[in-house]
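Heads up, the thing below is written out as structure tokens.
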Amino acid sequence: MSTFKSRFLTTLQERGYIKQQTHTAELDAYCASGVPVAYIGIDATADSAHVGHLVGIMMLRRLQQAGGKPIVLIGGGTTKVGDPTDKEKTRPILTEEQIAANADGIKKAYSNYLTFGDGPTDAIMVNNADWLDQLGYIEFLRDIGKYFSINTMVKQETVARRLANEQPYTFLEFNYLLLQSYDFLELFRRHGCRLQMGGSDQWGNILGGVDLIHKADGGQGFGLTSPLLTTASGAKMGKTVDGAVWLNADRRSPYDYWQFWRNTEDADVGRFLKLFTDLPLDEIARLEALEGAEINSAKVALANAATAMLHGETAAKEAERAAQTAFQGGGVSADLPTFEIVRAEHADGPTTTALLRAADLVKSNGEARRKLGEGAVRVNDEKIAEDQTHDWDALLAEVDAFKVQVGKKRIALVKPV
């Protein structure tokens, strides 16, 4: 294990962010002097970032905490091409309007982790459409394409795998390496950015940018990657049975976000506390050492810290209180996510399936039937074994909203309107 002199790289190493880096000694010296500038890119393929992006976001946060300047690069231009890395098929092409709307949504999440502004260590957000949209094709091939060897490009793992499996690999996708490398060159020229960071699946693209800076401008760029995270059981980090764990509150409520972290597997708690919270390492070591039922205290600490960082202290406390009320007291908390159901559309009373759909606890009637058959459904804490019609007066005997639950940890309130 390397011993770094810079605060930034030391923090990354201690907390488990580093998998690979280029020019280790030179990179360490760069990070230890002046204001190091680094960027991470995100393509605008959805209207929110998700937990799968959170390692990169936290790396930029660590950079800013260590006195560096973070750059968030929105891929308004590269989204039109589609990053083929680790993909088995070509990504759908989005319209200009869709890309712009998605970029606006992504900005919301990053602003909770980084301080943006005009100061020397303030983060900035830039869009690669600013330069990629202006490129002339012939000029780009002449000025940039000459630095890239087809021999090397076809050896990239994604390209080689697609070709070996006889899966389509379009010329559009083949250009992605050149475009991402050109992004690094532009940020080097425009903002003095010398470090690109990303997941280890981006290693080949990052090396392309480092090499391009050297060949085109005689400069030195650096690359650093983080491990691709999986949970202890082997699942992809940030993926659940419901899909991606979105960061924006309009895509996933603070309560559900809190529950995601509270449900962390025992073996992952210490690792996730290091990666996704600002808790001191000695406090994390204490929490990580807890055993048996006491490990739940560490999970609550993780959920509180992660939720507070994204949604604020108040939202984290409300989520914890709602969980305690729902799981320990068996009651109904106003802090649970609340959904509406139109009473007039269910004059005789709502069916169990209608309640589950209204509460967004199932995605289809078929899933509702499966959950009922598994004995996983409760309405106002009463176990429901089959789809039935619920009497409004009985449901609302003492409250103005009622609790609907699937399994032990997925709970919501449904309020008639």
Side-chain angles (χ1 to χ4, degrees), residues 6-9 11-12 17 27 30-50 52-80 83 96 99-135 179-199 202 205-206 209-210 212-213 216-217 219-226 247-248 278 309-310:
S6 64
R7 175 187 169 194
F8 173 55
L9 294 182
T11 299
L12 291 193
Y17 291 99
L27 172 60
Y30 172 62
C31 292
S33 61
V35 179
V37 184
Y39 91 95
I40 282 178
I42 175 172
D43 278 345
T45 53
D47 62 0
S48 171
H50 54 71
H53 298 117
L54 199 49
V55 169
I57 295 173
M58 291 299 296
M59 289 169 76
L60 291 178
R61 182 178 175 87
R62 304 301 182 207
L63 174 72
Q64 191 167 53
Q65 289 171 335
K69 186 178 185 69
I71 297 177
V72 180
L73 178 68
I74 294 289
T78 41
T79 299
K80 300 170 189 174
D83 182 0
E96 297 269 5
I99 291 172
N102 288 347
D104 288 339
I106 289 169
K107 290 177 184 177
K108 295 178 183 178
Y110 280 80
S111 296
N112 293 304
Y113 296 91
L114 302 171
T115 299
F116 287 86
D118 299 324
T121 64
D122 286 343
I124 60 173
M125 187 169 284
V126 297
N127 191 326
N128 64 12
D130 291 346
W131 52 83
L132 294 183
D133 284 359
Q134 310 306 316
L135 286 177
L179 295 176
Q180 183 169 326
S181 300
Y182 185 64
D183 284 344
F184 197 178
L185 178 62
E186 280 290 331
L187 292 175
F188 175 79
R189 290 171 173 174
R190 292 172 180 235
H191 301 286
C193 179
R194 293 181 60 189
L195 173 60
Q196 181 183 174
M197 302 186 293
Q202 293 294 316
N205 290 337
I206 291 173
V210 171
L212 178 60
I213 288 172
D217 282 18
Q220 183 170 38
F222 305 104
L224 187 150
T225 67
S226 60
L247 299 185
N248 289 2
D278 285 342
M309 191 178 293
L310 177 61

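In this text, all values refer to a predicted model and were calculated from it rather than measured experimentally.
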Please report, to 0.1 Å, the donor-acceptor pairs under 3.5 Å made by any side chain of residues 115-123, with sequence neighbours excluded.
residue : atom : partner : partner atom : Å
D122    : OD2  : D118    : N            : 3.3
D122    : OD2  : G119    : N            : 2.8

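The cationic group of R194 does not satisfy the cation-pi geometry with F188, failing either the under 6.0 Å distance to the six-membered ring centre or the 45° limit from the ring axis.
Of all non-hydrogen atoms in I57 and L114, the two that sit nearest each other are O-CD2, 4.5 Å. Summarising the geometry of Y17 relative to T11, their closest heavy-atom pair is CD1-O, 4.4 Å, with the distance given to 0.1 Å. Scanning all heavy atoms of the two residues, the minimum distance from G209 to S181 falls at N-OG, 3.2 Å.
No donor-acceptor pair under 3.5 Å is formed between the side chain of H191 and the backbone N or O of C193. With hydrogens and angles ignored, the 3.5 Å screen pairs a side-chain donor or acceptor of N127 with a backbone N or O of A129. Side chain of T79 to backbone of A44: a donor-acceptor contact under 3.5 angstrom is found. Using a distance-only test at 3.5 Å, with no hydrogens or angles considered, a donor-acceptor pair links the side chain of N248 to the main chain of G105. Distance alone, capped at 3.5 Å, is enough to place a donor-acceptor pair between the N112 side chain and the K108 backbone. Between the side chain of N128 and the backbone N or O of D183 there is no donor-acceptor pair closer than 3.5 Å. Judged by distance alone, with hydrogens and angles left aside, the side-chain atoms of S6 form no donor-acceptor pair with the main-chain N or O of A32 at under 3.5 Å.
By the 4.0 Å N-to-carboxylate-O rule, D278 lies close enough to R62 to be salt-bridged with it.
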Problem set entry | From CA spacing to verdict: side-chain contact (heavy atoms from CB on, under 4.5 Å), L187, W131 | CA-CA 10 Å; L187 292 175; W131 52 83; 3.8 Å; yes

For this session: Carefully, step by step, assess Y113 and L54 under the rule side-chain contact (heavy atoms from CB on, under 4.5 Å).
Result: CA-CA 10 Å; Y113 296 91; L54 199 49; 3.6 Å; yes

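Between the side chains of Q202 and Q196, no donor-acceptor pair of N or O atoms lies under 3.5 Å.
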